[in-house]
Amino acid sequence: MSTFTDKVLKVVKEIPRGKTLSYKEVAILAGNEKASRVVGTIMSKNWDESIPCHRVICSDGTLGGYNRGTEKKRLRLEEEGAIERK
DNA sequence: CATTTGACGCCAA
DNA sequence: TTTGGCGCCAAAT
């Protein structure tokens, strides 16, 4: 805590199942609205099983990216009902 | 210490 | 609607 990075990780950990937050939303909750990119950067460098990073998507509703495969991320969100399967 | 990179976001054409 | 470009900030090189 105390650093933006730690806040981001904390916020993402707090995301409930079936809910998705955009990188921008996470950035805002972490205390820096303009750091949307940083959120993604942090995740890519610190991909952790304790962190449901698959719950974090782009503000446009697009999935964004995922260290284990974007397809896997999509399936997981669909399974949780966070998004509509199109 | 300086520069580049990158799982983004928003605006203009 | 789809591209292209700028901004923004932390981490990596």
Side-chain angles (χ1 to χ4, degrees):
Chain A
M1 180 15 209
S2 305
T3 56
F4 181 73
T5 312
D6 290 303
K7 286 182 182 177
V8 170
L9 295 172
K10 186 182 181 117
V11 170
V12 175
K13 278 187 202 171
E14 292 297 312
I15 300 176
R17 177 180 174 280
K19 175 66 179 276
T20 53
L21 289 177
S22 64
Y23 292 99
K24 190 173 79 163
E25 294 295 292
V26 174
I28 294 171
L29 294 172
N32 196 336
E33 182 181 348
K34 300 179 185 136
S36 52
R37 301 192 73 151
V38 182
V39 176
T41 302
I42 294 164
M43 303 309 226
S44 63
K45 304 299 184 189
N46 290 284
W47 58 280
D48 191 310
E49 295 294 338
S50 303
I51 302 172
C53 37
H54 55 267
R55 305 259 174 84
V56 186
I57 61 175
C58 294
S59 61
D60 295 278
T62 45
L63 292 174
Y66 195 50
N67 43 35
R68 284 176 84 191
T70 321
E71 297 298 310
K72 194 77 175 196
K73 177 177 181 179
R74 186 201 312 179
L75 292 172
R76 179 145 280 188
L77 291 173
E78 287 178 18
E79 189 172 12
E80 294 187 358
I83 61 174
E84 285 182 59
R85 101 177 46 146
K86 259 193 197 164

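The sequence lines fix the lettering, A, B, ..., with proteins before strands; numbering per chain opens at 1.
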- Item | Side-chain hydrophobic cluster, 4.5 Å single linkage: members besides A:W47 | none
- Query: How many angstroms lie between atom CZ of A:R68 and atom NE2 of A:H54, to the nearest 0.5 angstrom?
  - Reply: 10.0 Å
- Going 5' to 3' along nucleotides 1-13 of chain C, which nucleotides have protein heavy atoms under 4.0 Å from the base (write B), which only from the sugar-phosphate (write S), and which from neither (write -)? ------BBBSSS-
- Message: Checking A:L21 now: which residues fulfil side-chain contact (heavy atoms from CB on, under 4.5 Å) with it, not counting sequence neighbours?
- Response: A:I15, A:K19, A:E25, A:V26, A:L29
- Query: From A:N67 CG over to A:K45 NZ, what is the distance, rounded to the nearest 0.5 angstrom?
  - Reply: 11.5 Å
- Item | Distance in Å, A:I28 CD1 paired with A:Y23 OH, rounded so as to fall on 0.5 Å steps | 15.0 Å
- Task: If you link ILVMFWY side chains whenever their heavy atoms are less than 4.5 Å apart, which other residues fall into the same cluster as A:I83? By chain and number, please.
- Result: A:I57, A:L63, A:L77
- With sequence neighbours excluded, residues passing side-chain contact (heavy atoms from CB on, under 4.5 Å) with A:N46: A:I42
- For A:R76, which residues count as a salt bridge (charged side-chain N to carboxylate O under 4.0 Å, His left out) partner, sequence neighbours excluded? none
- Query: Are side-chain heavy atoms of A:I51 and A:M43 found at a separation under 4.5 Å?
  - Reply: yes
- Query: Quick one: side-chain contact (heavy atoms from CB on, under 4.5 Å) partners of A:T62, sequence neighbours excluded?
  - Reply: A:C58, A:D60
- Proximity to DNA chain C (any heavy atom under 4.0 Å), residues of residues 57-64 of chain A only: none
- Message: Among residues at least two apart in sequence or on other chains, which ones pass side-chain contact (heavy atoms from CB on, under 4.5 Å) with A:L75?
- Response: A:E78
- Query: What are the 5'-most and 3'-most nucleotides of DNA chain B lying under 4.0 Å from any heavy atom of chain A?
  - Reply: B:dG6 to B:dC10
- Message: Counting runs of three or more consecutive pairs, Watson-Crick or G-U wobble, with each distance below 3.5 Å, where are the stems of DNA chain B?
- Response: B:2-6 with C:9-13, B:8-13 with C:2-7
- Note on the structure: Residues passing the salt bridge (charged side-chain N to carboxylate O under 4.0 Å, His left out) test with A:E80, sequence neighbours excluded, are A:R55
